[in-house]
Amino acid sequence: MGEDLAGKNIRFLLWQSQADRRDWAAKIAKWAGGEISRAEAILRGAPLRQEEAPRLAKGFGITQRQLREKDVLEERGVDILIENVRFLLGSLERGQKGNFARTVGVHPATVSSWLADRQRPERPGLTSICKYFGLPAGTDLRVEPVFLSYSPVGAAARKKWLRDKIERMGQERLNVLFPALVSLLKDE
């Protein structure tokens, strides 16, 4: 349990520092003294190694105990629901909030009220939001901090992630992966 909490705390502290999500792994790799692939594993919830915890705690300016055993998100009183709504709706491409509102069956002004925390989505609205963004069934946006997800959430974010990965991919690796991509995407 402590390791899962440490991963959540790490993502929260990075989010709170307003670090660009694309830079999270580089920051963790620098502080933990490891490779980017190891940092990405930590961000996805891999247990911390003994030598990583003190380095990361120092980087964040907290104690190892706070990192491993305290729910920093809860301690700092973050409204998980409002942050989830802002994160998810913020991932929409420009001009898509109206389409989102129509799809989930609310007025566009309601979406604005959610974003401004003047109104909170009720259970049917929460279920519709989860479905729209392709979240697993049963996700409770009131308690699960989706906004701390290291993996892209929602179709637009996933497409952008794929585009970015392909753009940065070297020619040699693209040549190796291209046949598999063609096979996977042949019906699209």
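In what follows, residues are counted from 1 in the order of the sequence shown.
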Other residues, nucleotides, ligands: >12 heavy atoms within 6.0 Å of Glu75 CD: yes

Between Arg38 (side chain only) and Ala32 (backbone N and O only), is there a donor and an acceptor less than 3.5 Å apart? no

Linked hydrophobic residues, Val182 as query - side chain contacts closer than 4.5 Å: Phe178

Hey, any chance Phe12 and Ile82 share a hydrophobic cluster, counting ILVMFWY side chains that come within less than 4.5 Å of each other, even indirectly? no

Taking the side chain as every heavy atom from C-beta outward, state whether Arg68 and Asn9 have any pair of such atoms under 4.5 Å apart. no

Working to the nearest 0.5 angstrom, can you tell me the gap between Phe147 CZ and Leu81 CG? 10.5 Å

Assess whether a salt bridge exists between Lys159 and Asp164, defined as any Lys/Arg side-chain N lying under 4.0 Å from an Asp/Glu carboxylate O. no

Just jot down the side-chain hydrogen bond (donor to acceptor under 3.5 Å, both in side chains) partners of Glu144, sequence neighbours excluded, or say none. none

For residues Ser91 and Val153, determine if any side-chain heavy atom of one lies less than 4.5 Å from a side-chain heavy atom of the other. no

Are Tyr150 and Phe87 grouped together when hydrophobic residues (ILVMFWY) are joined by side-chain heavy atoms under 4.5 angstrom apart? yes

Can you sort out the partners of Arg22 under side-chain hydrogen bond (donor to acceptor under 3.5 Å, both in side chains), two or more places apart, ordered by chain and number? Asp20

Taken in chain and number order and not counting sequence neighbours, the residues that satisfy side-chain hydrogen bond (donor to acceptor under 3.5 Å, both in side chains) with Thr63 are Gln66

Is it the case that atom CD in Glu51 sees more than 12 heavy atoms from other parts of the structure closer than 6.0 Å? yes

For the pair Leu73 and Gln16, evaluate side-chain contact (heavy atoms from CB on, under 4.5 Å) and give the outcome as yes or no after the intermediate values. CA-CA 9 Å; Leu73 176 69; Gln16 189 178 47; over 6 Å; no

Which atom names give the shortest non-hydrogen contact between Arg21 and Leu148, and what distance separates them? NH1-C, 3.8 Å

Please check this pair: side chain of Arg11 against backbone of Leu43, looking for a donor-acceptor N/O pair closer than 3.5 Å. yes

Mark yes or no for whether Thr103, through its side chain, and Asn99, through its backbone, hold a donor-acceptor pair below 3.5 Å. yes

What closest approach, in Å, do Leu135 and Val146 show between heavy atoms, and which atom pair accounts for it? CD2-CG1, 4.2 Å

Just wondering, do Leu14 and Ile28 contact through their side chains at under 4.5 Å, heavy atoms? yes

Could you state the interatomic distance from CZ (Arg120) to CH2 (Trp114), rounded to the nearest 0.5 Å? 12.0 Å

Kindly give the heavy-atom pair with the smallest separation between Ala25 and Glu40, and that separation in Å. CB-CG, 3.7 Å

From Gln171, Arg173, Glu172, residue fulfilling side chain to side chain donor-acceptor pair (under 3.5 Å) relative to Asn175: Gln171

Can you say whether the rings of Phe133 and Phe100 are parallel (under 30°), tilted (30 to 60°) or perpendicular (over 60°)? tilted

Are any non-hydrogen side-chain atoms of Arg44 and Ser151 less than 4.5 angstrom apart? yes

Where is the tightest heavy-atom contact between Ala29 and Ala39, given as atom of each residue plus distance? N-CB, 3.6 Å

Arg86/Glu83 salt bridge by N-O under 4.0 Å criterion: yes

Heavy-atom closest pair, residues Val143 and Ile80: O-CD1, 3.6 Å

side-chain hydrogen bond (donor to acceptor under 3.5 Å, both in side chains) filter on Lys70, not counting sequence neighbours, yields none

Under a 3.5 Å distance rule, please check whether Thr110 uses its side chain to pair with a backbone N or O of Val106 as donor and acceptor. no

Roughly how far apart are Leu141 CG and Leu88 CG, rounded to 0.5 Å? 6.0 Å

Can you name the nearest heavy-atom pair linking Ala19 to Lys27, along with the distance? CB-NZ, 4.2 Å

Report the distance from atom CD of Gln96 to atom CG of Leu89, rounding to the nearest 0.5 Å. 12.0 Å

Can you tell me how far apart CG (Leu48) and CZ (Arg55) are? Round to the nearest 0.5 Å. 11.5 Å

Look up atom CD1 in Ile10 and atom CG in Leu13, then write down how far apart they are to the nearest 0.5 Å. 8.0 Å

Under-4.0 Å salt bridge between Lys160 and Glu93: no

Among pairs that include at least one residue of residues 122-134, which meet side chain to side chain donor-acceptor pair (under 3.5 Å), considering only residues two or more places apart or in two chains? none

Might you work through the salt bridge (charged side-chain N to carboxylate O under 4.0 Å, His left out) test for Asp23 and Lys30, ending with a clear yes or no? CA-CA 11 Å; Asp23 299 331; Lys30 179 181 174 187; over 6 Å; no

